[in-house]
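The structure appears below as structure tokens.
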Amino acid sequence: MKRASTSAQTSSKTAGSMNGGLARIAARCTSRAPRGWCVSRRQTVMMSAANAPDSDSKKGPGSVGALKVVQTLERTVERVGSKQFSLSFATRPAKKQRVVILGTGWGAARLAKELDMGSYDLTVVSPRNHMVFTPLLASTTVGTLDFRSVAVSIRSLQPALGLEPNHFYTAKAKAVDPEAQTVTCISDEGSEFEVQYDKLAIATGAQGSTFNIPGVDEYALPLRDVADASAIKDKLIKNIAKSQIPGTQEAERRRLLNFVIVGGGPTGVEFAGELSNLVKEDLARAVPQVSCSVRITLIEARDILGSFNPDLRLYASRILSKSGVEIVKAQVKEVKETSVVLSDGSEIEHGLLVWSTGVGPTPFITSLPFGKSQDGRLAVDEFQRVEDMEGNAVENVYSLGDCACNTLNPLPTTAQVAEQQGKWLSKHINDQCQPQEDEPEPFKYTHLGQMSAMTTGSAVTDLGGGSGTPQLSFSGFLSWLSWRAVYLTKLGSFQNKLYVLLNWSTSQMMGRDLSRW
Ligand SMILES: Cc1cc2nc3c(=O)[nH]c(=O)nc-3n(C[C@H](O)[C@H](O)[C@H](O)COP(=O)(O)OP(=O)(O)OC[C@H]3O[C@@H](n4cnc5c(N)ncnc54)[C@H](O)[C@@H]3O)c2cc1C
């Protein structure tokens, strides 16, 4: 790889001017190179001073100074002794290394937030200039929360992004060339440009799985980001309005008010719960004739909330049924414009269909020239380094979150995993600019439990299954309060916390915002 050879050339040149001991140690360390240990700008300058061709011959004191630098470096290297490390150089000598992050989701945002901006230049490339706080996204579809409440600006998380030479580009990564160390990007307007990196973190997430079921792409709406939530809210309000237009046939009126959700994971359950809150709390008050015609159906092939403990699953089913959500245990075979066909041949009409059945790799991830896991994600090792086609770690190219998978220890595609990986990777990369006496610690996931809200005042919390967490689960009002408290504290910025608190209060006191533009 060119990157490897660039690094090796720089290192061997430097080693050539060192005395024998240092050269041998540096060469040995560079060839092992299990991780980067970058030289600070000051060290780089000092080393090039020692390297200057005339420093020995012409400037007597300079050569003594250079020798001292070499001796000091040698002592430092010997002090580290047999510990593994490498000297990894920025491809632009005497400048900070360039970290490029693709994406602004859970993993990327945490990494960008905690990257040491004194040691690195940062470029973030993403079509979104914000991170979406996905656990509260379902609340925006029915107006409980404003869209801005769940969109956390990437510049507020990492203010240095506004200062040269750091950049945020609103664009999509299209290709990665690990030889040239470049990412080809494409803007919304279609213009292409290249970004060079010394370290690359790929955190571009996943996309909803449709399992090749015909009609899903055409007639179902996903719920993955703010634009999706806005499209759902728009259709919901439009259908309610259409159902009241004089002359609308009764059958059509009922179809328009049939809201169907496919997928009984936390997202599907929370969306069904939010819809039922809207119907019971707002529509019943404002347009009672509409509220009594609304039908909410949740279709799931197995049990809803399959990753929670059985008692909680039962509780969730009971609460949803009591709130008017019909749970249908079935598989969807086909989606038509106005109905969903189940595997037993029966059909359920829909006026609004939301699809939420797990995730799969995006075409961008599939196109990358790296190794893949069985489910098509980027294969990574325990240091989140992507693997090449032969399964060897590619130095300085990392991946995290929903688009990455350590095949020896596959983890679920959750915000919790992505965020912990982002936090770990920021430390790992920051540490590479400090002399480390210890071996780097690989990434280790700590499961903190899972929560899902149903209707106002009811939720489930499952703290079981994690290392170091007690086998504790609870449901009901206390769980709902904990759900709100946990997500409020986890929200990225003070501004978002304020918005959410205000939205929760105004929705409770004055009803949800159902305006449409
Ligand atoms: C509605 C909903 C509710 C959820 N609730 C929970 C929950 O309660 N708890 C939980 O743990 N998990 C939850 N999840 C799952 C969680 O949100 C994901 O696992 C998490 O977002 C994954 O983070 P990520 O960093 O991998 O990717 P994402 O957060 O998906 O971010 C991907 C980023 O990459 C960008 N991107 C995409 N393509 C490109 C490209 N080609 N170039 C550059 N950038 C690109 C995107 O714009 C985005 O900024 C929920 C998900 C959804 C959709």
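All figures in this text were calculated on a predicted structure; none of them were measured in a lab. Ligands are counted one by one from 1 in listed order, and the atoms in each one are counted from 1 as well. The first residue in the sequence is number 1, and the count goes up from there.
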Quiz item: Should one rank T140, V417, T104 by closest heavy-atom distance to atom 49 (O) of ligand 1, which comes out on top?
Solution: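 Of the listed residues, T104 has the closest heavy atom.
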Self-check item: Nearest option to atom 32 (C) of ligand 1, as decided by whichever heavy atom of L137, T413, T204, I365 sits closest
Solution: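 Ranked by closest heavy atom to atom 32 (C) of ligand 1, first place is T204.
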Practice problem: Please assess D303 against K329 for the test salt bridge (charged side-chain N to carboxylate O under 4.0 Å, His left out), listing each intermediate value before the final yes or no. | Solution: CA-CA 8 Å; D303 286 342; K329 201 165 182 173; 3.1 Å; yes
Quiz item: Could a heavy atom of S126 be found less than 4.0 Å from some atom of ligand 1?
Solution: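 It does; at least one heavy atom falls under 4.0 Å.
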Go through ligand 1 atom by atom and flag the ones less than 4.0 Å from a non-hydrogen atom of [X].
| X | result |
| --- | --- |
| P127 | 36 (N), 43 (C), 44 (N), 45 (C), 47 (O) |
| A203 | 32 (C), 33 (C), 34 (O) |
| G107 | 25 (O) |
| G205 | 26 (O), 27 (O), 30 (O), 32 (C) |
| L223 | 1 (C), 53 (C) |
| Q416 | 11 (O) |
| G401 | 26 (O) |
| V125 | 43 (C), 44 (N) |

Practice problem: Just do the side-chain hydrogen bond (donor to acceptor under 3.5 Å, both in side chains) check on S479 and S475 with the steps written out, would you? | Solution: CA-CA 5 Å; S479 174; S475 54; over 6 Å; no
Residue and atom name of the nearest protein heavy atom (relative to [atom]), distance in Å to one decimal:
| atom | value |
| --- | --- |
| atom 7 (C) of ligand 1 | P135 CG, 3.7 Å |
| atom 14 (N) of ligand 1 | T134 OG1, 3.8 Å |
| atom 31 (O) of ligand 1 | G105 CA, 3.1 Å |
| atom 26 (O) of ligand 1 | D402 N, 2.7 Å |
| atom 21 (O) of ligand 1 | W106 CD1, 3.1 Å |
| atom 23 (O) of ligand 1 | A418 CB, 3.5 Å |

So, regarding [X] and ligand 1 (criterion: nitrogen or oxygen to nitrogen or oxygen, under 3.5 Å), is there a contact or not?
| X | answer |
| --- | --- |
| A415 | yes |
| A173 | yes |
| T267 | no |
| K172 | no |

Is there a donor-acceptor contact under 3.5 Å linking the side chains of [X] and [Y]?
| X | Y | value |
| --- | --- | --- |
| W504 | S139 | no |
| Q495 | S156 | no |
| T456 | E281 | yes |
| T144 | R512 | yes |

Practice problem: Would you mind telling me which of R98, K199, K96 makes a salt bridge (Lys or Arg N to Asp or Glu O under 4.0 Å) with D121? | Solution: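 Output: one option passes, namely K96.
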Quiz item: Under the criterion side chain to side chain contact (heavy atoms under 4.5 Å, CB included), which of Q421, M131, K423 is the partner of R110?
Solution: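 So, applying the side chain to side chain contact (heavy atoms under 4.5 Å, CB included) to R110 and each of Q421, M131, K423, only K423 qualifies.
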Exercise. Compare all side-chain heavy atoms of L278 with those of L283 and state whether any distance is below 4.5 angstrom.
Key: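 Yes - at least one pair of side-chain heavy atoms lies under 4.5 Å apart.
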Quiz item: Taking side chain as C-beta onward, heavy atoms only, is S149 less than 4.5 Å from T140?
Solution: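 Not in contact.
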Exercise. Hey, can you tell me if F133 and Y487 have their rings parallel, tilted or perpendicular (30° and 60° cut-offs)?
Key: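 Because their plane-to-plane angle is over 60°, the rings of F133 and Y487 count as perpendicular.
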Quiz prompt | Steps toward side-chain contact (heavy atoms from CB on, under 4.5 Å) verdict (Y120, C433) | solution = CA-CA 9 Å; Y120 292 104; C433 276; 3.5 Å; yes
Exercise. Just let me know how T414 lines up against ligand 1, side chain, backbone, both or neither, with a heavy-atom cut-off below 4.0 Å.
Key: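 Both parts.
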Practice problem: Answer side chain, backbone, both or neither: which part of Y487 comes under 4.0 Å from ligand 1, heavy atoms only. | Solution: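 Looking at Y487 and ligand 1, just side chain atoms fall under 4.0 Å.
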Quiz item: Are the side chain of Q450 and the backbone of S307 linked by a donor-acceptor contact shorter than 3.5 Å?
Solution: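 At least one qualifying donor-acceptor pair exists.
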Quiz item: Say you draw a straight line from OG1 of T338 to CD of E349; how long is it, rounded to the nearest 0.5 Å?
Solution: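 Going from the OG1 atom of T338 to the CD atom of E349 covers 6.0 Å.
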